[in-house]
**Student:** 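Below: one structure in structure tokens.
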Amino acid sequence: MSGQFIPVCAPMLIGNEKEYVMDCLETTWISSSGKYIERFEAAFAEFCGVKHALTCCNGTVALHLALMALGVGPGDEVIVPTLTYVATANAVTYCGARPVLVDSEPKTWNLDPALIEASVTPRTKGIIVVHLYGHPAEMDAIRKIADHHGLFIIEDAAEAHGAEYKGCPVGTIGDVGTFSFYGNKIITTGEGGMLVTNNDALAARIRQLKGQGMDPQRRYWFPIVGYNYRMTNIAAALGLAQLEKIEWHMRRRIEVAAWYQEELQNLDEVIWQSEEEWAKHAYWIFTILLREGIGLSRDDLMLALQEQGIETRPIFYPMHQLPMYHSLRSAGGYPVADRLARQGINLPTWAGLTRTDVSYICQSLRESLRGCLMNIA
Ligand SMILES: *Cc1c(COP(=O)(O)O)cnc(C)c1O
């Protein structure tokens, strides 16, 4: 098996991607209008069961548009989980607002509803919920707090296409949902993003903001400062082809995760993000947690796997550990996110992995663990 390399993520272009992209080139519809934009938006709205789906150029921009459309500005506060990809907090910062960082819940690793209330102030405008690694957050509990304080909810579903909370597609439960189609996400357009909402006024506002602020009734009249946050027809062509096969992409990831769970269930040193009974997990990246107190460094284990041709990643560094957000630490600290960040490893997860790959990864993991533990003893 030596000499092989298993990346942590890889796109699978197994459908009409080439045909649709070639169609853009042959018809010269390569910029940000064209039939693939319309078809991708319509198909994505149908996939989520939502009224409006709006393309944009990436998932970060989708968050920025959602926040602007909801009126977030300087002086406002927005609650975000500290354990997330940096874009969630950055989008709040772009608005001149302050991300208020909240710790994770230990089982699903998502925003802990029990800790939100204490972070609400008169400046709080809303909450960004992240469905981390594809597992939905506890939306009912979060909704209750949001309604009580009159806060909006944005669902950052960048990692959770097709995940469900109590049978509801994620992204459609809050006021606005945002998705990413970066190359390592569940489906990809290269770079790309989508916003979904059932709110007509919000959809209109988002459409105006992403199109340089142009007045929808009067071409080339710009009554507000807008942005060029549009997606190209070429990216949408890729997205439509990917979306046509999304059931396959989703099934394959669930299968890969099941293989991991089967192979690792007897390995005492390792646990993983739980799948709650009310959740349909999208398994963007299967992530394990080394048990604490086994006297083995997470980074040494990652290095050992790398030597066997297996790429892994550390779990996200929580926002409060990053230099620009360090000053936003709350007095109580973030014990759960800190522990996850110390012990978490992202294992290769993508639709093209075979059973043989997963067995090899798990066998290497077992051997590396045994080797490391023997070195200590
Ligand atoms: C990937 C990701 C984003 C940003 O998406 P881009 O398309 O890379 O800009 C935002 N939030 C989360 C949680 C992500 O994983």
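Every number for a ligand or one of its atoms is a count from 1 in the order of the listing. What you are looking at is a predicted structure, and each value in this text was computed from that prediction instead of being measured.
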**Student:** Could you check ligand 1 for N or O atoms lying under 3.5 Å from protein N or O atoms and list the pairs with distances?
**Tutor:**
residue  : atom   : partner : partner atom : Å
ligand 1 : 5 (O)  : S180    : OG           : 3.2
ligand 1 : 7 (O)  : G59     : N            : 2.8
ligand 1 : 7 (O)  : S180    : OG           : 2.7
ligand 1 : 9 (O)  : N58     : OD1          : 3.4
ligand 1 : 9 (O)  : G59     : N            : 3.3
ligand 1 : 9 (O)  : T60     : N            : 2.9
ligand 1 : 9 (O)  : T60     : OG1          : 2.5
ligand 1 : 11 (N) : D156    : OD1          : 3.3
ligand 1 : 11 (N) : D156    : OD2          : 2.7
ligand 1 : 15 (O) : E159    : OE2          : 2.5
ligand 1 : 15 (O) : K185    : NZ           : 3.1

**Student:** Any ion pair linking R342 and E292 (charged N to carboxylate O, less than 4.0 Å)?
**Tutor:** yes
**Student:** More than 12 heavy atoms of other residues, nucleotides or ligands under 6.0 Å from CD of E46: yes or no?
**Tutor:** no
**Student:** Just wondering, are more than 12 heavy atoms of other shown residues or ligands nearer than 6.0 Å to OH in Y182?
**Tutor:** no
**Student:** Between Y260 and Y283 (judged by ring centroids, cut-off 6.0 Å), do the two rings come close enough to count as a pair?
**Tutor:** no
**Student:** Within the 3.5 Å criterion, strictly below it, is a donor on E117 or H149 matched to an acceptor on the partner's side chain?
**Tutor:** yes
**Student:** Using distance alone, with no hydrogens and no angle criterion, decide if S104 and D112 have a side-chain donor and acceptor under 3.5 Å apart.
**Tutor:** no
